[in-house]
Visitor: 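Before I ask anything, here is the structure I am working with.
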Amino acid sequence: QVQLVESGGGLVQAGGSLRLSCVASGRTVSTYHMGWFRQAPGKEREFVAYINSGGYGTHYADSVKGRFTISRDNAKNAVYLQMNSLKPEDTAVYYCGAASYGTLILLSRDTTYTYWGQGTQVTVSS
């Protein structure tokens, strides 16, 4: 079993930055692909970014491309999401997930992920 805990969310003004962290416990996630998703009130959970197990392959939703950066530190069993130039429409609960397999298309779907954290709230004020 893998337990994931997100942190780093908060309230920030538009144009500001936040860095989310997701730390895993229970077992190493170095062999897992890791993703970030978000869910705004009244909306479905949507893909934000993923990084493959080796850390050399990443993919982003068009809405965050150029503003968000996903990274991982397998030695710390952690994955990060650096969010810059935040916009009010980025307001959501952000979740990290771990997937044991996947392709570019599959890793953009939340159903591919086996383990999830509890989420961290990000609120961007205008």
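Values below: all heavy atoms of this structure, side chains included; hydrogens, waters and symmetry mates excluded. All residue numbers in this chain count up from 1 along the given sequence. All figures in this text were calculated on a predicted structure; none of them were measured in a lab.
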Visitor: Can you name the nearest heavy-atom pair linking S53 to R72, along with the distance?
Guide: CA-NH1, 3.2 Å

Visitor: Tell me whether F68 is reachable from Y80 by hopping between hydrophobic residues (I, L, V, M, F, W, Y) whose side-chain heavy atoms are closer than 4.5 Å.
Guide: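 Each belongs to a different hydrophobic cluster.
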
Visitor: Using 0.5 Å steps for rounding, measure from the OG atom of S63 to the CG atom of D90.
Guide: 7.0 Å

Visitor: Would a distance-only check, ignoring hydrogens and angles, find a side-chain to backbone donor-acceptor pair under 3.5 Å from D73 to A78?
Guide: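 Side chain of D73 to backbone of A78: no pair is present.
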
Visitor: Looking only at heavy atoms, which two atoms of E6 and G119 are closest? And how far apart?
Guide: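 Minimum heavy-atom contact is OE1-N, 2.8 Å.
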
Visitor: Would you say that S7 contacts T120 through its side chain, given a criterion of any heavy-atom pair below 4.5 Å between the two side chains?
Guide: no

Visitor: Using a 6.0 Å cut-off, check whether atom CD1 of I105 has over 12 heavy atoms from anything other than its own residue.
Guide: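 No.
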
Visitor: Do V124 and Y94 belong to the same hydrophobic cluster, where Ile, Leu, Val, Met, Phe, Trp and Tyr are linked whenever their side-chain heavy atoms lie under 4.5 Å apart, directly or via other members?
Guide: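 As far as the 4.5 Å side-chain criterion goes, Y94 and V124 are connected within one cluster.
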
Visitor: Looking at L106, is its backbone amide N or carbonyl O close enough to the side chain of T112 to form a donor-acceptor pair, meaning the two atoms are under 3.5 Å apart?
Guide: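 Indeed, once roles are kept as given, a pair shorter than 3.5 Å links the two residues.
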
Visitor: Determine the minimum heavy-atom distance between S108 and L104, stating which atoms define it.
Guide: OG-O, 3.0 Å

Visitor: Please test D110 against Y95 for side-chain contact (heavy atoms from CB on, under 4.5 Å), starting from the C-alpha separation and ending with a verdict.
Guide: CA-CA 10 Å; D110 59 355; Y95 299 90; over 6 Å; no

Visitor: Looking at CZ of R38 and CD of E46, how far apart are the two atoms once the value is rounded to the nearest 0.5 Å?
Guide: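 Result: 4.5 Å between the selected atoms.
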
Visitor: Between W116 and L4, is there a side-chain heavy-atom distance shorter than 4.5 Å?
Guide: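 Not in contact.
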
Visitor: Going only through I, L, V, M, F, W and Y residues with side-chain contacts under 4.5 Å, is there a path from V23 to L18?
Guide: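 Different clusters.
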
Visitor: The test is side-chain contact (heavy atoms from CB on, under 4.5 Å); show your working for T114 and V2 and say whether it passes.
Guide: CA-CA 9 Å; T114 305; V2 175; over 6 Å; no

Visitor: Taking atom types as modelled, find out whether Q121 and T123 have a side-chain donor-acceptor pair closer than 3.5 angstrom.
Guide: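 Yes, because at least one side-chain N or O of Q121 sits under 3.5 Å from a partner of the opposite role on T123.
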
Visitor: Mind checking the CE-OG1 spacing from M83 to T69? Nearest 0.5 Å is all I need.
Guide: 11.0 Å

Visitor: Heavy atoms, side chains only, cut-off 4.5 Å: are L86 and N84 in contact?
Guide: no

Visitor: Any idea which heavy atoms bring Q1 and R27 closest together, and the distance?
Guide: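 Closest approach of Q1 to R27: O-CG, 3.7 Å.
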
Visitor: A quick test of your reading: do over 12 heavy atoms of other residues, nucleotides or ligands sit less than 6.0 Å from NZ of K65?
Guide: yes

Visitor: Taking the six-membered ring where the residue is Trp, are the ring centres of Y113 and F37 under 6.0 Å apart?
Guide: yes

Visitor: Between R67 and K87, is a side-chain contact (heavy atoms from CB on, under 4.5 Å) present by the stated rule, with each step listed?
Guide: CA-CA 10 Å; R67 301 188 297 122; K87 304 175 181 180; 3.8 Å; yes

Visitor: Mind checking whether Q13 and P88 have side chains closer than 4.5 Å, heavy atoms only?
Guide: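 When only atoms from C-beta onward are counted, P88 and Q13 do not touch, as no gap falls below 4.5 Å.
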
Visitor: What about F47 and H59, are their ring centers closer than 6.0 Å?
Guide: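 Under 6.0 Å, so yes.
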
Visitor: Using a 4.5 Å cut-off on heavy atoms from C-beta on, say whether the side chain of W36 contacts that of V79.
Guide: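 The answer is yes, as the side chains (C-beta and beyond) meet within the 4.5 Å cut-off.
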
Visitor: Minimum heavy-atom separation for C22 to M34, with atom names?
Guide: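 Between these two residues, the closest heavy atoms are SG-CE, 4.4 Å.
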
Visitor: Identify the residue among V93, L20, T91 that makes a side-chain contact (heavy atoms from CB on, under 4.5 Å) with V122.
Guide: L20

Visitor: For N77 and S30, which heavy atoms make the closest approach, and how far apart are they?
Guide: OD1-N, 4.3 Å

Visitor: How far apart are the C-alpha atoms of Y60 and I70, what are their side-chain angles, what is the distance that settles it, and do they pass the side-chain contact (heavy atoms from CB on, under 4.5 Å) test?
Guide: CA-CA 9 Å; Y60 298 90; I70 189 171; 3.4 Å; yes

